[in-house]
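What's counted below: heavy atoms across the whole structure, side chains too, no hydrogens, waters or symmetry copies.
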Amino acid sequence: MAEVVLDKVYKRFGSVTAVQDFNLEIKDEEFMVFVGPSGCGKTTTLRMIAGLEEISDGTLRIGERVVNDVPPKDRDIAMVFQNYALYPHMNVYQNMSFGLRLRKTPKAEVDQRVKEAAQILQIEHLLERRPRELSGGQRQRVALGRAIVREPKVFLMDEPLSNLDAKLRVEMRASISKLHRRLGVTTVYVTHDQVEAMTMGSRIVVMKDGLIQQVDSPINLYDKPVNKFVAGFMGSPAMNFLTGTAQDGYIKSTHFDVKPDAELTQKLTKHNGKKVFMGIRPENLGLKGHTEIVEADNAIKATIEVVEPLGAETIIIASVGGDENVVAKVDAHAPVRVGDQVELLADPARIQAFGMEDERNIRFE
């Protein structure tokens, strides 16, 4: 196995810089996820690790070896693509063994590796079938199997589940996580789906415009985002942002007068009189009279515009003053209807505040 280290890596396409000043150490056996919106540079970074894109500047090391000029076939990596990339004229066994046969691996060893991988992925009964005879989930398992038999130092996965339906994605997420725990191979996984990132990654790299915004564990990204972008990107439904003014430790506007916990209150005093973004996640808002949140003073006045019953809970979308919306998860049996005027209570320990200009999290100044 191997660690992967990117040191001051840049990628330029002519005058466009797709990835800039990328510094990251991926530990041996770690499951690292790159996440961010389309065009943020995550796939380009993965392709540089694979050797499919040249590095414009900086150093890339896999294990003890600098691999900037090493061709992809000699980097001891295996890549799983979004589109599976299976050979249609070959059966599953032939697809999985193709790379080994190219390397002239002894036939007995090829057979052993393919059958072991097929057993791990529970596709032993599919070895004689062609790709056209397989479902999307089965094809993806074959693509994973082809990577496993290589016994590489590093797995690279580029949005491997994006072509699957929602139910199958959940199943395959669990399968890949179990596979990683069993094999212990360093894995770099690219996705634009933050739920996928949160559930699979031991650490996550959040990217925007070719720059790393934050690298941390899933729970720290969720609870301790360094800026407004990370706060808004991680979590579903996304964090709410309301415009207010810092005043004597409070965040105030025409429609709310909120006091956070002592830690943030103290930090806010340094921003007295300045406009800030107040951030609060939907699950940290409660409907007055139907919540365990008791801070009645932390009320946000709003008008319900959409009600989405989900069985275990109800999601409401409400207008705050007509120009900003807020999303809240409330009790499934709460009496809410479109048009109701309500008060939503904010949990003071979960309130975040972001500077209007730099969008940095004031809580961590």
Parallel, tilted or perpendicular: which fits the ring planes of H89 and Y87, with parallel below 30° and perpendicular above 60°?
perpendicular
**Request:** Kindly determine whether D216 and V226 satisfy side chain to side chain contact (heavy atoms under 4.5 Å, CB included), including the steps that lead there.
**Result:** CA-CA 10 Å; D216 218 325; V226 297; over 6 Å; no
One thing to verify: whether [Y] and [X] come together as a salt bridge, which I'm taking to mean a side-chain N less than 4.0 angstrom from a carboxylate O.
X    : Y    : result
E196 : R169 : yes
R203 : E30  : yes
D223 : R350 : yes

Between E151 and D76 the two heavy atoms that sit nearest each other are O-OD1, 4.2 Å
task = Show your reasoning for whether side-chain hydrogen bond (donor to acceptor under 3.5 Å, both in side chains) applies to E324 and T243.
result = CA-CA 8 Å; E324 292 183 308; T243 306; 2.9 Å; yes
Treating [X] as the side-chain partner and [Y] as the backbone partner, does any N or O pair qualify as donor plus acceptor under 3.5 Å?
X    : Y    : answer
D57  : Y10  : no
R182 : G184 : no
R75  : I49  : yes

Which of M96, R103, R113, M79 passes side-chain contact (heavy atoms from CB on, under 4.5 Å) with R150? Answer is R103
| Cationic tip of K228 within the cone over F354's six-membered ring, i.e. under 6.0 Å and within 45° of the normal? | no
Is there a donor-acceptor contact under 3.5 Å linking the side chains of Q341 and T303?
-> yes
Q) Would L24 and M32 count as a side chain to side chain contact (heavy atoms under 4.5 Å, CB included) if you check the C-alpha gap in whole Å, the side-chain angles of each, and the deciding distance to 0.1 Å? A) CA-CA 10 Å; L24 182 66; M32 180 69 78; 4.0 Å; yes
